[in-house]
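Here is the naming used below: chain letters follow the sequence lines, and residue numbers restart at 1 for every chain.
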Protein chains: 2
Amino acid sequence: MATPSEELAEMDRVIHEPARLALTTALLSCDGADFLFLQKLIGLTKGNLSSHLNKLQTAGIVAITKSGAGRTARTWVALTDEGRAATARHWKRLDQLKHLAENGLPDQAPYEE
Amino acid sequence: MATPSEELAEMDRVIHEPARLALTTALLSCDGADFLFLQKLIGLTKGNLSSHLNKLQTAGIVAITKSGAGRTARTWVALTDEGRAATARHWKRLDQLKHLAENGLPDQAPYEE
DNA sequence: AGCATAAGGTTTGCACCGCAGACTTAAGGA
DNA sequence: TCCTTAAGTCTGCGGTGCAAACCTTATGCT
């Protein structure tokens, strides 16, 4: 049985951060989304969203495609295959952690050597 | 239907942080636990655990009881009623967010005014 | 008794992070 | 041409997590 510490060690903080968890989770249900769509959906400022997307892109979780420029610019965001897998994995870990609580700990407190 | 942004706004970051999520979730399944027990369980340094517990205590999520001193010191940690409720609430929000992805978004990308 | 040792926690210092808001770029209308 | 406005990017700052140094006090040893 995995201990919480093992779950923790494997927890992807890039994905776990609330805004990014919402982003990746939202993208899980579609092929991709527009910058503005995501902004309205998640409720972030443009600056914030941009920085979160950069972080996700750097981590290889999303792919970003730009078209147009100036007033016609459009930024399209989609999960990479890796990102889709990582997001699913993250939810799986969260579920496992939750089940630990539901099913009780293997060796209850207080701690004995 | 709640949008991800509403879920986000309500997401308790004190609880969401991985180490503290593991702590509160572990405590959910028992009446309380020993400092050392939690340390081994979650795999944190003493300093870190102490600081996380302080944050949780300040937020009214856990109650901390100390007995002994020096070498015989023991620190007992338990969720407060509020903390138990808050942790349960947090898991509920995470579930709601996850279901958004499973069931698809209400208005899929791209965004139109 | 006196001193060394070690267990149990706390505090500190630092590097990183998320956020809001200022700034930049460039298309289109008058 | 000049002004407006959409679409992103960049910057500064307050807050956060982490490891490691530090403090406090019981117990073992002589």
Tell me every residue that passes ring pair (Phe, Tyr, Trp, His ring centres under 6.0 Å) with A:His52, counting only those two or more places apart in sequence or in another chain. none
Atom-pair distance (CG on A:Leu44; P on C:dA20), nearest Å: 8 Å
Take atom NZ of B:Lys40 and atom P of C:dG9, then tell me their distance rounded to the nearest Å. 12 Å
Closest non-hydrogen contact found for B:Ala22 with B:Ile42 is CB-CD1, 3.7 Å
Once you apply a heavy-atom cut-off of 4.0 Å, does B:Thr75 come out as touching a base, just sugar-phosphate, or nothing? sugar-phosphate
Whole angstroms only, please: what is the CG-P distance between A:Leu53 and D:dA7? 15 Å
Students often mix this up, so state it plainly: with edges at 30° and 60°, are the rings of B:His16 and A:His16 parallel, tilted or perpendicular? parallel
Using whole Å, report how far CZ of B:Arg13 lies from C1' of D:dT16. 11 Å
Between A:Thr72 (side chain) and A:Ala69 (backbone), is there a donor-acceptor pair under 3.5 Å? yes
Separation of C:dG8 P from B:Asn48 CG (nearest whole Å): 18 Å
Starting at NZ of B:Lys66 and ending at C1' of C:dA7, how long is that distance when rounded to a whole Å? 15 Å
Do any N or O atoms of the protein come closer than 3.5 Å to N or O atoms of nucleotides 23-30 of chain C, and which pairs are they?
residue : atom : partner : partner atom : Å
C:dA27  : O4'  : A:Arg71 : N            : 3.3

With a 4.0 Å limit, can you tell me whether A:Ser51 has a side-chain N or O closer than that to the phosphate oxygens OP1/OP2 of C:dG18? no
Out of C:dC19, D:dG17, C:dG8, whichever nucleotide has its closest atom nearest the side chain of B:Arg20: D:dG17
Side-chain (A:Thr75) to main-chain (A:Phe35) donor-acceptor, under 3.5 angstrom: no
A:Asn54 atom CG is separated from D:dA7 atom C1', nearest whole Å, by 14 Å
Nucleotide nearest A:His52 when distance is taken to its side chain, options D:dG17, C:dT11, C:dG18: C:dG18
State whether B:Lys98 and A:Asp95 are salt-bridged, where the test is any N-O pair (Lys NZ or Arg NE/NH1/NH2 against Asp/Glu carboxylate O) under 4.0 Å. yes
Separation of B:Leu49 atom CG from C:dG9 atom C1', in whole Å? 10 Å
Can you identify which nucleotide, out of D:dA19, C:dC19, C:dT10, has its nearest atom closest to the B:Thr45 side chain? D:dA19
B:Lys55 side chain: which of D:dG17, C:dG9, D:dA7 is closest? D:dG17
A:Trp91 vs A:Ile15, test: side-chain contact (heavy atoms from CB on, under 4.5 Å). Steps then yes/no. CA-CA 10 Å; A:Trp91 278 111; A:Ile15 293 181; over 6 Å; no
